[in-house]
Amino acid sequence: MKHCSIIILVCIMLGSLYSSCNAAHRKVQPLVSPVAGTLIYVPTGYYRRSSRFFDISIVRRSFYMSKYEITYDDFFDVTGMKLTDNTSGRYPVKFVNWYQAVIFCNMLSERENLKPVYSINGCTDPKIWIKKVSGFIPTGHTDPYLNTVNADWTADGYRLPTEMEWIWAARGADSSRTDDEIPFSGFDGTGSLGDYAWFKGNSSSTSHETGLKKPNKLGLFDMSGNVFEWCWDWFGDTPHGIITSLSRRGTGSRSGVARVIKGGGWRDIPSEFVLSYRCGSFPYDRDHYVGFRIVRNGK
């Protein structure tokens with residue numbers, strides 16, 4: 001009897017979330033950043049990660065996500081950091097590691113007079129972080145100073161999405177289907193991967209300008225394909241049970257050696273675009289198939 005009561009309570013809670021997210025999504029306009037461009041509103045809601053009844057993720061706070069992957073021009077404009085083997089124009093930044101993505105977020109927040117999300121030993125200024133490591137951003141080893149990045153989840157500045165937020169946005173804020181039933185972002189039962197993504201079968205072994213393929217239901221481009229995207233989370237075991245976005249478990253493992261990357265890239269095969277596919281990369285790694293996009297908290 002007790003188990004049945006829990007199930008009924010969960011169903012009522014999820015039904016309420018589904019109704020509120022649909023109502024909110026119809027009303028809220030995007031944000032516009034002078035550098036990063038349009039950020040699309042992503043409402044609250046929930047989704048089932050697997051066929052197990054209680055494997056449910058609940059996104060309790062809305063957020064805004066950049067419509068396109070961050071470009072190299074965006075990255076250089078904000079940070080002044082030159083990265084090798086990148087292309088100007090609308091091409092996504094690549095050969096950018098997790099630390100550099102975090103630095104971009106705080107520097108963009110400061111430029112737009114927003115409260116930075118990330119700190120190291122209480123300091124939110126990336127210029128000071130860089131001085132502490134003698135100007136050297138780790139590219140082949142861990143650094144004990146930069147490994148202490150903390151996040152203020154109440155700040156209104158820019159940040160990387162959590163894995164839960166990324167999946168919810170990639171789903172188009174759609175609660176139907178489990179993660180392993182969605183072969184790529186934008187899938188609605190019809191269409192092919194090539195309509196929405198640059199992947200091994202159509203990319204000619206390189207990344208492409210952002211926004212050339214179809215967007216998903218929210219209007220987000222390249223959520224599948226082109227380049228993998230850094231998330232905040234440490235890469236850990238596949239989570240089970242009910243997880244809420246504002247809980248400790250909702251922002252990933254407490255520690256690890258790799259950070260989550262999502263979405264697949266131009267070099268990947270179709271099986272790596274299924275939303276349940278999980279992958280991690282060392283935060284100091286810089287690869288030709290990994291970039292990022294940014295988010296800001298909603299109300």
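Note: hydrogens, waters and symmetry copies are ignored here, and every other heavy atom, side chains too, is used.
- For the pair N106 and P126, the tightest heavy-atom approach, listed with the atom from each and the gap, is CB-CG, 3.6 Å.
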Query raised in the report: Could you go step by step and tell me if I137 and N97 meet the side-chain contact (heavy atoms from CB on, under 4.5 Å) rule?
Result: CA-CA 9 Å; I137 304 299; N97 68 28; 3.7 Å; yes
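- With contacts defined as side-chain heavy-atom distances shorter than 4.5 Å, the pair I103/W129 qualifies.
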Requested in this report: Start with the C-alpha distance between R259 and F235, add both sets of side-chain angles, then the distance that settles side-chain contact (heavy atoms from CB on, under 4.5 Å), and finish with yes or no.
Outcome: CA-CA 5 Å; R259 295 283 182 171; F235 183 79; over 6 Å; no
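- Contact of the P161 side chain with the F63 side chain is not registered, since no non-hydrogen atoms from C-beta on lie closer than 4.5 Å.
- Panel note: side chain D268, backbone G265; a donor-acceptor pair is recorded below 3.5 Å.
- Proximity of a side-chain donor or acceptor of D180 to a complementary backbone N or O of S50 within less than 3.5 Å is not detected.
- For the pair R254 and W234, the cation does not sit on the ring face, since its NZ or CZ is not both under 6.0 Å from the ring centre and inside 45° of the axis.
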Report task. Give the intermediate values and the outcome of side-chain contact (heavy atoms from CB on, under 4.5 Å) for residues F104 and S109. Result -> CA-CA 8 Å; F104 173 90; S109 297; over 6 Å; no
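- Proximity of a side-chain donor or acceptor of R48 to a complementary backbone N or O of S51 within less than 3.5 Å is detected.
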Report task. For F292 and W232, run ring-ring contact (aromatic ring centres under 6.0 Å, His included): C-alpha distance rounded to whole Å, both residues' side-chain angles, the deciding distance at 0.1 Å, then the answer. Result -> CA-CA 11 Å; F292 68 101; W232 158 260; over 10 Å; no
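- Here the closest heavy-atom approach between residue P43 and residue V59 is recorded as O-CG1, 4.5 Å.
- For the residue pair T71 / D73, no side-chain donor-acceptor distance below 3.5 Å is found, with atom types taken as modelled.
- At distances below 3.5 Å, not a single donor-acceptor pair connects side-chain atoms of D287 with backbone N or O atoms of V290.
- Two residues are said to be in side-chain contact when any heavy atoms from C-beta on lie closer than 4.5 Å; S62 and Y41 meet this criterion.
- A cation-pi arrangement, defined by a distance under 6.0 Å to the six-membered ring centre and an angle within 45 degrees of its axis, is present between R267 and Y289.
- Considering every non-hydrogen atom in both V257 and F282, the closest pair reads O-CD2, 3.1 Å.
- For the atom pair H288 NE2 and N86 CG, the distance stands at 12.0 Å (nearest 0.5 Å).
- Atom CG of L108 and atom OH of Y158 lie 5.0 Å apart (nearest 0.5 Å).
- For the pair T206/W198, no side-chain contact is recorded, criterion being any heavy-atom separation below 4.5 Å from C-beta on.
- Minimum heavy-atom separation, F199 to P270: CE1-CG, 4.1 Å.
- We find that D179 and R171 are joined by a salt bridge, their nearest charged nitrogen and carboxylate oxygen being less than 4.0 Å apart.
- Tracing side-chain contacts under 4.5 Å through hydrophobic residues (I, L, V, M, F, W, Y), one reaches L31 starting from L160; they form part of the same cluster.
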**Report entry** Derivation and outcome, side-chain contact (heavy atoms from CB on, under 4.5 Å), residues F76 and M81
**Finding:** CA-CA 6 Å; F76 181 73; M81 293 180 181; 5.7 Å; no
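- Looking at T162 and W153, their side chains come closer than 4.5 Å, going by heavy atoms from C-beta outward.
- Neither I128 nor F136 shares a network with the other; the hydrophobic side chains, linked directly or stepwise wherever heavy atoms of I, L, V, M, F, W or Y lie under 4.5 Å apart, form separate groups for each.
- In this structure a side-chain-to-backbone donor-acceptor pair under 3.5 Å is missing from N121 to V149.
- Annotation for I294 and A36: closest pair CD1-CB, 3.8 Å, computed over non-hydrogen atoms.
- For I182 against S176, the heavy-atom pair with the smallest separation is CD1-O, 4.3 Å.
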Mind listing the side-chain donor-acceptor pairs of residues 239-246 below 3.5 Å, one per line with the distance, residues two or more places apart or on another chain?
{"residue": "H240", "atom": "ND1", "partner": "D55", "partner atom": "OD2", "Å": "3.4"}
{"residue": "S245", "atom": "OG", "partner": "R60", "partner atom": "N", "Å": "2.9"}

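- Partner of Y68 under the side-chain contact (heavy atoms from CB on, under 4.5 Å) criterion, chosen from T38, I40, T210: T210.
- One finds no salt bridge joining K217 and D188 here, because no Lys/Arg side-chain nitrogen approaches an Asp/Glu carboxylate oxygen to under 4.0 Å.
- One finds a salt bridge joining E165 and R159 here, because a Lys/Arg side-chain nitrogen approaches an Asp/Glu carboxylate oxygen to under 4.0 Å.
- Using a 4.5 Å cut-off on side-chain heavy atoms (C-beta onward), E112 and P34 make contact.
- Between the side chain of S247 and the backbone N or O of G250, at least one donor-acceptor pair lies under 3.5 Å.
- Between the SG atom of C123 and the CG atom of N150 there is a distance of 12.0 Å, given to the nearest 0.5 Å.
- Of the possible donor and acceptor atoms, none in the side chain of S253 sits under 3.5 Å from a partner among the backbone N and O of S255.
- Cation-pi geometry between K200 and W266 is not met at under 6.0 angstrom from the ring centre and within 45 degrees of the axis.
- For the atom pair Y46 OH and I56 CD1, the distance stands at 7.5 Å (nearest 0.5 Å).
- Under the 4.5 Å side-chain criterion, counting only non-hydrogen atoms from C-beta, I261 is in contact with S281.
- The backbone N or O of Y277 sits less than 3.5 Å from a side-chain atom of K262, completing a donor-acceptor pair.
- Under the 4.5 Å side-chain heavy-atom criterion for Ile, Leu, Val, Met, Phe, Trp and Tyr, V102 and L146 are members of the same hydrophobic cluster.
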Could you list the donor-acceptor pairs under 3.5 angstrom formed between side-chain atoms of residues 221-231 and any protein atom two or more places apart in sequence or on another chain?
{"residue": "D222", "atom": "OD2", "partner": "G211", "partner atom": "N", "Å": "2.9"}
{"residue": "S224", "atom": "OG", "partner": "S185", "partner atom": "N", "Å": "2.8"}
{"residue": "N226", "atom": "OD1", "partner": "H208", "partner atom": "N", "Å": "2.8"}
{"residue": "N226", "atom": "ND2", "partner": "H208", "partner atom": "O", "Å": "2.9"}
{"residue": "E229", "atom": "OE1", "partner": "W166", "partner atom": "NE1", "Å": "2.9"}
{"residue": "E229", "atom": "OE1", "partner": "R293", "partner atom": "NE", "Å": "2.9"}
{"residue": "E229", "atom": "OE2", "partner": "R293", "partner atom": "NE", "Å": "3.2"}
{"residue": "E229", "atom": "OE2", "partner": "R293", "partner atom": "NH2", "Å": "2.9"}
{"residue": "W230", "atom": "NE1", "partner": "V96", "partner atom": "O", "Å": "3.0"}

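- Taking the ring axis of Y64 as reference, the NZ or CZ atom of R296 does not stay both within 45° of it and closer than 6.0 Å to the ring centre.
- No donor-acceptor contact under 3.5 angstrom links the side chains of T79 and Q100, judged on distance only.
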Query - K132 vs D125, salt bridge (Lys or Arg N to Asp or Glu O under 4.0 Å): CA-CA, chis, key distance, verdict - result: CA-CA 11 Å; K132 291 286 188 179; D125 187 349; over 6 Å; no
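- Y99 OH to Y284 OH: the interatomic distance, rounded to the nearest 0.5 Å, is 8.5 Å.
- One hydrophobic cluster, built from ILVMFWY side chains closer than 4.5 Å, holds both I120 and V133.
- Side-chain contact annotation: R90 with T87, donor-acceptor N/O pair under 3.5 Å absent.
- Between F184 and F187, the ring planes lie perpendicular to each other; the angle is over 60°, past the 30° to 60° tilted range.
- Under a 4.0 Å N-O distance rule, the pair D152/K115 qualifies as a salt bridge.
- Atom CG of D195 and atom CG of L193 lie 8.5 Å apart (nearest 0.5 Å).
- Taking the side chain as every heavy atom from C-beta outward, K67 and L39 never approach each other to under 4.5 Å.
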